[in-house]
**Q** 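This is the structure I want to talk about, given as structure tokens.
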2 protein chains.
Amino acid sequence: MPRAKLRTPALRQHLLSQAVDLLAEEGWAGLTARALAGRAGTSPPALYELFGDMAGLARALSAEGFARLGAELAALRETADPVADVWTLVAAYRRFVRGNRALAEVMFSRPFPAFSPGPDELAPAAPVRSLVTQRVRRCIEAGRLRGDESDVAQVLVALVEGMAFAEVAGRLGASTEPVERRWRLAVGTLLNGLAVPPL
Amino acid sequence: MPRAKLRTPALRQHLLSQAVDLLAEEGWAGLTARALAGRAGTSPPALYELFGDMAGLARALSAEGFARLGAELAALRETADPVADVWTLVAAYRRFVRGNRALAEVMFSRPFPAFSPGPDELAPAAPVRSLVTQRVRRCIEAGRLRGDESDVAQVLVALVEGMAFAEVAGRLGASTEPVERRWRLAVGTLLNGLAVPPL
DNA sequence: ATCGTTTCAAAACGATGTTACAGATAATGG
DNA sequence: CCATTATCTGTAACATCGTTTTGAAACGAT
């Protein structure tokens, strides 16, 4: 008896994709319910049925961002040098933040949860974290780094995010040269400090 | 001829102080022009005369946050061990972010400037940075660390901010033990990597 | 005491997130 | 073939936000 439903998971995906583009073009301030609905050829209430509210859209955007970041990281091929692979991983992470500033802002600078970020909040980032952990594990197993793989991966990601946000905020230097130099110093020093000391 | 002016720098300071408290109590979403004006016993237009717009209030809040952070860091006394002083500096930085989450969010996660953050944007953070640089310089002059003091300070701050934000976002672990362990690992590894190798 | 200038806060305006509502639509039963 | 009805849809309404306009209040000068 009812009419055909338009507010399907397919429309949700389309809205999400358009939201990513709109976010990149206009920033978070330009990502309004009306603008997104109009751009996607639907109406605001559809947005609310599919995402709950704008915070739900932000969560979905964050998950989408982690999915894209995970895909980019997973596309990196392993070489014979596991430490060099960590460098390329860092470069890809950095490239992602630089190429998707507003999206990265939504992913990382999310308004802090009340007290505990439920498992659902961390789940989208899990593949990315496990990928980083895996690359770190290879270094440890090869004897190039030492420490707990999970701890090392967490610290590495924190350093990279801190550096990437400082860079896009313009706090790391105006010209490209000091920025590159500080990136090399940051990653090189951390890896150096984690390396087994050359007896 | 005119009547006495109420929208003075003193009122601006009072508004700023109330804004810090309101931000801590209600978060950024609760910091509305009407709420702040009502709390401070004035009206929205006063806010606009003193701060321009809400973005101007955010900039002023950021500057106030850096001033408070700078004061807390400057209150730390130097000891004979410059490296230990860096550890206490990091601890104070971390304590500030944990104790002023919303304010720190405004300070560090500010919406990215168009392309270059004008000198006025960086100025409030300058004292903090120079203080960190100074503590780093002591380590270098004492032969405990090596490298360019400015570069090292930048990297150290990026690591601390990355770690602090991961912590308050709940990404660094649920219980206190792994969080503390990862903090020790992060700072210890960086300082270790920067240390002059024990010939 | 009145005027003129300056300053203030109340109210108005557009836009936002969100929700209630009335029209539109398609399968079914006559 | 048409009416019914259950459901889905987009329009329009609501409250609130940032921001600006505006009329009234206040004080020195005449």
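What's counted below: heavy atoms across the whole structure, side chains too, no hydrogens, waters or symmetry copies. Just so we're on the same page: letters track the sequence lines, and every chain starts at 1. This is a predicted model, so every value here is computed, not measured.
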**Q** Taking OP1 and OP2 of dT11(D), is either one under 4.0 Å from a side-chain nitrogen or oxygen of Ser43(A)?
**A** no
**Q** Glu26(B): what forms a side-chain hydrogen bond (donor to acceptor under 3.5 Å, both in side chains) with it, not counting sequence neighbours?
**A** none
**Q** Report the residue (Thr32(B) or Ala4(B)) whose heavy-atom-nearest nucleotide on DNA chain D is the more 5′ of the two.
**A** Thr32(B)
**Q** Which angle, rounded to 10°, do you find between the first-five-pair axis and the last-five-pair axis of the helix from dA1(C)-dT30(D) to dG30(C)-dC1(D)?
**A** 40°
**Q** Can you figure out which of dG10(D), dA9(C), dT19(D) approaches the side chain of Pro44(B) most closely?
**A** dT19(D)
**Q** For Asp81(A), what residues pass the side-chain hydrogen bond (donor to acceptor under 3.5 Å, both in side chains) criterion, not counting sequence neighbours?
**A** Arg144(A)
**Q** If you take any heavy atom closer than 4.0 Å to DNA chain C, which residues from residues 11-29 of chain B end up in contact?
**A** none
**Q** Classify the side chain of Arg3(B) and the base of dG28(D) as holding, or not holding, a donor-acceptor pair under 3.5 Å.
**A** no
**Q** Is there a side-chain contact between Arg34(B) and the phosphate of dT16(D), meaning an N or O under 4.0 Å from OP1 or OP2?
**A** no
**Q** Answer yes or no: does a side-chain N or O of Lys5(B) lie under 4.0 Å from OP1 or OP2 of dC8(C)?
**A** yes
**Q** Taking all atoms of both residues into account, what is the closest heavy-atom pair of Leu11(A) and Ala46(A), and its distance?
**A** CD2-CB, 4.5 Å
**Q** Of the nucleotides dA20(C), dG18(D), dA9(C), which one has an atom closest to the side chain of Arg7(B)?
**A** dA9(C)
**Q** Between CD of Gln134(A) and CD of Glu149(A), what distance do you get to the nearest 0.5 Å?
**A** 10.0 Å
**Q** Taking only heavy atoms on the protein side, list every residue of residues 46-57 of chain A lying under 4.0 Å from any atom of DNA chain C, sorted numerically.
**A** Tyr48(A), Asp53(A), Met54(A)
**Q** Return the minimal non-hydrogen interatomic distance between Arg68(B) and Val20(B), and the atom names on each side.
**A** NH1-CG1, 3.4 Å
**Q** Do you know the tightest heavy-atom contact between Ala40(B) and Gln18(B)?
**A** CB-CG, 4.3 Å
**Q** What distance separates Leu145(A) CG from Arg135(A) CZ, expressed to the nearest 0.5 Å?
**A** 14.0 Å
**Q** Identify the heavy atoms of Val152(A) and Leu194(A) that sit nearest to each other, and give their distance.
**A** CG1-CD1, 3.6 Å
**Q** Atom CG of Leu6(A) and atom P of dT25(C): how far apart are they, to the nearest Å?
**A** 11 Å
**Q** Of all the heavy-atom pairs spanning Leu16(B) and Leu61(B), show the shortest one and how long it is.
**A** CD1-N, 4.0 Å
**Q** Here's a test of your reading of the structure: between Ala33(A) and Thr8(B), which maps to the more 5' nucleotide of DNA chain C?
**A** Thr8(B)
**Q** Roughly how far, to the nearest 0.5 Å, is the CZ atom of Phe108(B) from the CZ atom of Phe165(B)?
**A** 6.0 Å
**Q** Identify, with sequence neighbours excluded, every residue that meets side-chain hydrogen bond (donor to acceptor under 3.5 Å, both in side chains) alongside Tyr93(B).
**A** Glu161(B)
